[in-house]
Amino acid sequence: MYRAPRGTTDILPGEQAYWRYIEQKAAGICQLYGYERIDAPTFEDTDLFTRSVGEETDIVTKEMYTFEDKGGNQLTLRPEGTAPVCRAYLEHGLHNQPQPVKLYYMASIFRYERPQAGRYREHHQFGYEAIGDADPALDAEVIEMAWRFFTSLGLRQLTLELNSIGCKKCRPRYLAAIKDHYTSHRRELCPDCKIRLQRNPLRLLDCKNPSCQGVADSAPRSTDYLCPECEEHFSRLKGYLKLPFTINHRLVRGLDYYTRTVFEIQPEEGGAQSTIGGGGRYDDLIEELGGKPTPAVGFASGLERIILNLKKQNVPIPPLPKPRVFIAHIGDEARDEAIKLASRLRQTGIGVIEATGKKSLKAQLRQANTLGARHAVIIGEDEIRTGTVILRDMTGAEQNVIASSQLEAELREGSL
RNA sequence: GUGAGUGUAGCCCAGUGGUCUAAGGCGCCAGGUUGUGGCCCUGGAUAUCGAGGGUUCAAAUCCCUCCACUCACCCCA
């Protein structure tokens, strides 16, 4: 028997209410803040991601779904959402619009990882980007918007962590300090960290291995190494931010393009895969992709993890609407009549489910009940002869014989 | 990629070598009124016991390999 590929999952009808709920809230928030939707292709040139995400990152070195198409092009299923948006910004000359350009997306993301709760090979992200402005007020807006998104969903007990990792001017100095510090404690480090020391020193900071904790605790802090501009940017951001946050000096993100502001939001009682959203500023990325120097800041969240937390916190989700009328019929003649009737009702915008096959009336009504229909319309030989139908209220047990021509009016009065 | 745990019908699961041609509950189907649901009662269908191989007179039960899921590491949404 075939199964969905590892790390992928079917979203069955019973789960859809969560997805529609989140999509609706996301779209509402974006409208509130002036972000417009963009949909980029599912795959892009492999280069786009290696350039933007960083050649030494895990995402690029071992997690991308990369393939060659029949024309010999090197393509990759998008492993993140920011680079494609930036590519589109450049490709379509969006710098000619008033800056910042504010865009949002909802898209599948693909990473070849070992699946776990809250981690899949295909997952879905809602994210947004504000491109073309370096004002720290914009960072604050992006963060506040993320917070408002989560709280509007009904999520509670969230924490916001914040840090600044500097820019290309001041970061080298900080990286050197980190390297010095870790080199002098080299013997205490776990094997992974010895590799990180060479390849990606920033990542040393968020190693959770106990043996590295002491070294990390005493490590130099990025905020002590910021250049005056970054320093001012960070302090203005903190001033604008009207949310409870904690500075996490060890917060660095896994993608290389981040500069200055980085942030993460997680539920207080988080497990291993707890972060539900995060983002930051990436002032050099557009230039790196071939554009003019263009500052930008963005955010992304994982929908599967949001749903996980909605369930954990028992947040009530509005049910999806479905047809409220069920048409049951007895006999072939009635069946023909039922088909016509269903068509007539739908024509006037009344949702209808019609019994099919040759089930007993009992079975048909049982089905109406399980489907949650408010009303059952019953047609048999008697009704056909007299031009009537039986309209049964499924919430109670009352039913009336009414003229078939009166049905629409009756159903409308029944507050459908 | 590493380590640990788990894998019996659509779902939850009993069963640890023969009495298992696999139990129970939910769900599904049908009957209990000849044209009427929800509760109740009765009956029925659905399991190559994750896959393959091995040990044994005998395997859902023991061993090996693989696959998947869960948890932790790693990484991140």
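Each chain gets a letter, A, B and so on, in the order its sequence line appears, and its residues count up from 1.
- One donor-acceptor pair, N or O on each side, does fall under 3.5 Å between the base of G37(B) and the side chain of Arg392(A).
- Residue Gln116(A) places at least one side-chain N or O under 4.0 Å from the OP1 or OP2 atom of A72(B).
- Among the heavy atoms of the strands, none lies under 4.0 Å from Ala373(A).
- Comparing the P positions of A30(B) and C71(B) gives an interatomic distance of 39 Å, to the nearest angstrom.
- Pairing for U33(B) is absent, with no Watson-Crick or G-U wobble pair whose two atom distances lie under 3.5 Å.
- Distance noted for atom C1' between C67(B) and C11(B): 22 Å (whole Å).
- Across the strands present, U48(B) finds no partner; the criterion is a Watson-Crick or G-U wobble pair with both atom distances under 3.5 angstrom.
- A77(B) and C63(B) are spaced 42 Å apart, taking the C1' atom of each and rounding to whole Å.
- Across all strands shown, A9(B) has no partner, as no Watson-Crick or G-U wobble contact with both distances under 3.5 Å is found.
- In a base pair of the Watson-Crick type (N1 to N3 plus N6-O4 or O6-N4) or a G-U wobble (N1-O2 and O6-N3), with each distance short of 3.5 Å, U2(B) is matched with A72(B).
- Within the 4.0 angstrom heavy-atom criterion, base atoms lie near Glu383(A).
- Nearest nucleotide to the Asp58(A) side chain, out of C75(B), C69(B), G37(B): C75(B).
- For the residue pair Arg196(A)/Tyr182(A), the side-chain donor-acceptor check at 3.5 Å is not satisfied.
- For Arg114(A), no side-chain nitrogen or oxygen approaches OP1 or OP2 of G3(B) to under 4.0 Å.
- The residue Ser108(A) sits apart from the nucleic acid: no heavy atom pair falls under 4.0 Å.
- A donor N or O paired with an acceptor N or O is found under 3.5 Å between the base of U36(B) and the side-chain atoms of Gln399(A).
- Applying the side-chain contact (heavy atoms from CB on, under 4.5 Å) test between Ile276(A) and each of Leu303(A), Leu153(A), Leu158(A) identifies Leu158(A) as the sole match.
- Taking every side-chain heavy atom of Arg196(A) into account, C75(B) is the closest of C75(B), G37(B), A77(B).
- If you take CD1 of Ile276(A) and P of C75(B), they are 21 Å apart, rounded to a whole angstrom.
- One atom, CZ of Phe149(A), and another, P of A77(B), lie 15 Å apart when rounded to the nearest Å.
- Figure legend. G27(B) is base-paired to no nucleotide; pairs are counted as Watson-Crick or G-U wobble with both atom distances under 3.5 Å.
- Rounded to whole angstrom, the span from the CG atom of Leu310(A) across to the C1' atom of A77(B) amounts to 14 Å.
- Comparing the same atom, P, in G52(B) and in U8(B) gives a spacing of 16 Å after rounding to whole Å.
- We find that Glu333(A) and Arg385(A) are not joined by a salt bridge, their nearest charged nitrogen and carboxylate oxygen being 4.0 Å or further apart.
- Under a 4.0 Å N-O distance rule, the pair Glu144(A)/Lys242(A) does not qualify as a salt bridge.
- When heavy atoms are screened at a 4.0 angstrom cut-off, Arg111(A) is found touching base atoms of the nucleic acid.
- Of the side-chain N and O atoms in Arg119(A), none sit less than 4.0 angstrom from OP1 or OP2 of C74(B).
- Comparing U70(B), G32(B), G31(B) against the side chain of Lys362(A) picks out G32(B) as the nearest.
- Contacts of Gly396(A) with the nucleic acid, taken as non-hydrogen atoms under 4.0 Å apart, include base atoms.
- Backbone-only contact: Thr370(A) has heavy atoms under 4.0 Å from sugar-phosphate atoms and none from a base.
- One can place CD of Glu122(A) at 14 Å from C1' of A77(B), the figure rounded to the nearest angstrom.
- One C1' atom belongs to G17(B), the other to G54(B), and the distance between them is 15 Å to the nearest Å.
- Listed pair Arg6(A) / C69(B) meets the phosphate criterion, a side-chain N or O lying under 4.0 Å from OP1 or OP2.
- Across all strands shown, nothing is found opposite U56(B) as a Watson-Crick or G-U wobble partner with both distances under 3.5 Å.
- Between A77(B), G35(B), G37(B), one nucleotide has an atom nearer to the side chain of Arg253(A) than all others, and that is A77(B).
- The nearest whole Å value for the distance from the CG atom in Leu255(A) to the C1' atom in C75(B) is 11 Å.
- Look at the P atom in both G37(B) and A9(B): the space between them is 33 Å, to the nearest Å.
- At whole-Å resolution of the value, OH in Tyr120(A) and P in C69(B) are 10 Å apart.
- A cation-pi arrangement is present between Arg121(A) and Tyr112(A), with the terminal nitrogen or guanidinium carbon under 6.0 Å from the aromatic centre and inside a 45° cone about the axis.
- Distance check, rounded to the nearest 0.5 Å: OG1 of Thr46(A) to CD of Glu68(A) gives 9.5 Å.
- Heavy-atom nearest nucleotides on RNA chain B were determined for Lys359(A) and for Thr8(A), and the one closer to the 5' end corresponds to Lys359(A).
- You'll find the ring centres of Phe263(A) and Phe245(A) outside the 6.0 Å limit.
- In summary, Lys168(A) and Glu287(A) engage in a salt bridge, as defined by a charged side-chain N under 4.0 Å from a carboxylate O.
- Mapping Thr395(A) and Tyr112(A) onto RNA chain B by nearest heavy atom places Tyr112(A) at the nucleotide closer to the 5' end.
- Side-chain atoms of Asn369(A) and base atoms of G38(B) include no donor and acceptor less than 3.5 Å apart.
- Distance Tyr258(A) OH to C76(B) P: 10 Å, rounded to the nearest Å.
- Protein atom CE of Met394(A) is 4 Å distant from nucleotide atom C1' of G37(B), rounded to whole Å.
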